[in-house]
Number of protein chains: 2
Amino acid sequence: MPMGRWEPNARDRLAQAAMTLFQEHGYDRTTVEEIAARAGLTERTFFRYFTDKKEVLFGGSDALHERIVTTIAGAPQGTAPLDAVATALDAMAPFFKDRREHARARQALLAAHADLRERELIKLASLASAAADTLRKRGVTEPTASLAAEAGIAVFKVAFERWLEDPKEQDLSRHIQLGLDELRAVTASTGPVAPAVAPAAPPQRPTRPARARKP
Amino acid sequence: MPMGRWEPNARDRLAQAAMTLFQEHGYDRTTVEEIAARAGLTERTFFRYFTDKKEVLFGGSDALHERIVTTIAGAPQGTAPLDAVATALDAMAPFFKDRREHARARQALLAAHADLRERELIKLASLASAAADTLRKRGVTEPTASLAAEAGIAVFKVAFERWLEDPKEQDLSRHIQLGLDELRAVTASTGPVAPAVAPAAPPQRPTRPARARKP
DNA sequence: GATGTGATGTCAGCAGCTGACATCAAGGGG
DNA sequence: CCCCTTGATGTCAGCTGCTGACATCACATC
């Protein structure tokens, strides 16, 4: 069997080595040099594959990006913006199917390191921005496109976290649907601005439990 | 006149020196040592005031944080979650009144440096998280609290950007209101999921221009 | 006047990251 | 078969962000 001069999949090896070491010794007590060594490479090479030490944890983000764009672009003409976005969110779910445990481990790292959360947030923001761009190409005008995209990403964030914690282990897809329903419920409610003084309400109802889907 | 051992307002001096140098030479060609020197201090001292080189650009964020929390906490009993958040967003507007030019300069820096955008995003996320916490203390249950908070922050992001670009220079407050209206319009629309095939719609209307406020 | 105390300075050092250049197998003409 | 190019990697030097440990020194307090 032909084996090139170097072991293949350097990138994957680096990513995997990093994940392992981060879990074993923690993120900031793991050195890029150690990661590279474990992958049989050099620090310098690490930085040829990843711009950042952080970036090594964000491999699939390009795929998500593309999936979102093509899904929105491919939505039937006349689809309402938020519905197009909703479809795109749903199209992301398969990427995480069967990777719940991996996602949880990753999330644990993010929870412990603000650096990593920052990176995660900019990735999500970039998804939102791409979604908005694509909506605009479909003729959606400006405040609408950005808001639909941002709202969609907000739903995804919440849904994703709930998916990770859900003891019933329902599909991510399901949580996204619930999130969208809830968003609609939350925004559908009252008028412009609350009155200055409250008319002494009772103990305070929890505001509106998530309503069942399919009215 | 009594003058202490050191010039006062070290923190402010550092922040201002940083802003100036960033604009003159760019963010990454400005060294922390240079900033400190310009403020008559040492690099080491800079890092006593700011955890980060980036952090020097995010001074007011604590004040915003507090304002959001107290505003939401102080909303009349029975106020709908999104309305409470909306009020809080509006309460942030005064912080930026008369600082439009400063905000634009800042935004220009953010636009050029992903590092800084990351920091900005985590600040916003932190605001959202605080808002959600406060809502929860008011009895709002979970998916609702997070979604109202995140949606609110999404509105703020969009409104803020539009405010910076608005040739008519309308109030930030106004843009927030428009954003909220638009969010409601975007979410109020169609049902759960778009049909698989579109019934051949006409040229495609821009989906729904922002409707006037006050139905 | 001795004794803190708080803001600052000094120094040493690591880790992240980069530019410049070297190496070396594989592949492709000539 | 040799040469040359190419691409992935290694080597080295160096800056800058950031931190821990310790020194200083005006000012306040007793």
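Chain letters run A, B, ... following the sequence lines, proteins first and then strands; every chain starts at 1. All values below come from the heavy atoms of this structure, side chains included, with hydrogens, waters and symmetry mates left out. Keep in mind the model is a prediction, meaning the values are calculated, not measured.
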Enquirer: Distance check needed: C/dT10 P versus B/Phe47 CZ, whole Å only.
Expert: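 The answer, rounded to whole Å, is 16 Å.
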Enquirer: Under 4.0 Å between a side-chain N/O of A/Tyr49 and OP1 or OP2 of D/dA8, yes or no?
Expert: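 A/Tyr49 to D/dA8 OP1/OP2: no side-chain N or O under 4.0 Å.
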Enquirer: Would you kindly check if the NZ (Lys) or CZ (Arg) of B/Lys53 is within the cone defined by 45 degrees around the ring axis of B/Phe47 and under 6.0 Å from the six-membered ring centre?
Expert: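 Verdict for B/Phe47: no cation-pi partner in B/Lys53.
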Enquirer: Which residue, B/Lys123, B/Arg117, B/Arg119, forms the salt bridge (Lys or Arg N to Asp or Glu O under 4.0 Å) with A/Glu118?
Expert: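 The option that passes is B/Arg119.
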Enquirer: Below 4.0 angstrom, which residues in residues 15-34 of chain A have at least one non-hydrogen atom near DNA chain D?
Expert: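 By residue number: none to list.
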Enquirer: In whole angstrom, give the distance that lies between atom CZ of B/Phe50 and atom C1' of D/dG17.
Expert: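 So the CZ-C1' distance, B/Phe50 to D/dG17, works out to 16 Å.
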Enquirer: Assess whether side chain to side chain contact (heavy atoms under 4.5 Å, CB included) is satisfied between B/Trp163 and B/Asp171, documenting all intermediate values.
Expert: CA-CA 7 Å; B/Trp163 172 62; B/Asp171 279 358; 5.8 Å; no
Enquirer: When you measure from the centre of the six-membered ring of A/Phe58, is the NZ or CZ of A/Arg106 closer than 6.0 Å and no more than 45° off the axis?
Expert: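 Yes; both conditions hold, so A/Arg106 lies above the ring face of A/Phe58.
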Enquirer: So does B/Arg44 reach the base of D/dG17 with its side chain, donor to acceptor, closer than 3.5 Å?
Expert: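 Per atom types, no contact qualifies.
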Enquirer: To the nearest 0.5 Å, how far apart are OG in B/Ser146 and CZ in B/Arg136?
Expert: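 The CZ atom of B/Arg136 is 5.0 Å from OG of B/Ser146, to the nearest 0.5 Å.
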Enquirer: Determine, for A/Phe50 and A/Arg11, whether the Lys NZ or Arg CZ falls below 6.0 Å from the six-membered ring centre while staying within 45 degrees of the axis.
Expert: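 Judged by the rule, A/Arg11 and A/Phe50 form a cation-pi pair.
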Enquirer: Quick one: B/Arg48 CZ to D/dC22 C1', roughly how many Å, whole number?
Expert: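 Answer to the nearest Å: 11 Å.
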Enquirer: If I take atom CD in residue B/Glu55 and atom C1' in nucleotide D/dG17, what distance separates them, rounded to the nearest angstrom?
Expert: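 It works out to 15 Å between those atoms.
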Enquirer: Using whole Å, what does the distance between atom P of nucleotide C/dA15 and atom CG of A/Asp52 come to?
Expert: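 It works out to 17 Å between those atoms.
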Enquirer: C/dT8, C/dC17, D/dG10: which one has an atom nearest the side-chain heavy atoms of A/Glu43?
Expert: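 Of C/dT8, C/dC17, D/dG10, C/dC17 is nearest to the side chain of A/Glu43.
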Enquirer: Report yes or no: is the cationic atom of B/Arg13 (NZ for Lys, CZ for Arg) closer than 6.0 Å to the six-membered ring centre of B/Tyr49, at no more than 45° off its axis?
Expert: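 No - B/Arg13 does not lie over the ring of B/Tyr49 by the 6.0 Å and 45° rule.
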Enquirer: With respect to the phosphate group of C/dG9, does any side-chain polar atom (N or O) of B/Thr45 fall under 4.0 Å of OP1 or OP2?
Expert: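 Looking at the OP1 and OP2 atoms of C/dG9, one of them is under 4.0 Å from a side-chain N or O of B/Thr45.
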Enquirer: Nearest whole Å is fine: how far is D/dG17 C1' from B/Lys53 NZ?
Expert: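 Checked: the NZ to C1' distance equals 8 Å.
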Enquirer: To the nearest 10 degrees, what angle separates the axes at the start and end of the helix from C/dG1-D/dC30 to C/dG30-D/dC1, five pairs each?
Expert: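 Computed angle between terminal axes is 0°.
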Enquirer: Describe, in one word, how the ring planes of B/Phe96 and B/Phe160 are oriented to each other, choosing from parallel (under 30°), tilted (30 to 60°) and perpendicular (over 60°).
Expert: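 Because their plane-to-plane angle is over 60°, the rings of B/Phe96 and B/Phe160 count as perpendicular.
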Enquirer: I'd like to know if the side chain of B/Gln16 pairs up with that of B/Asp12 as donor and acceptor (distance under 3.5 Å, no hydrogens or angles considered).
Expert: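 Not at all, the side chains of B/Gln16 and B/Asp12 share no donor-acceptor pair under 3.5 Å.
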Enquirer: What integer distance in Å separates B/Leu41:CG from C/dT10:P?
Expert: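 The distance from CG of B/Leu41 to P of C/dT10 comes to 11 Å, rounded to the nearest Å.
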Enquirer: Just the rounded figure in Å: distance from C1' of D/dG10 to CZ of A/Phe46.
Expert: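 One finds 17 Å between C1' of D/dG10 and CZ of A/Phe46, rounded.
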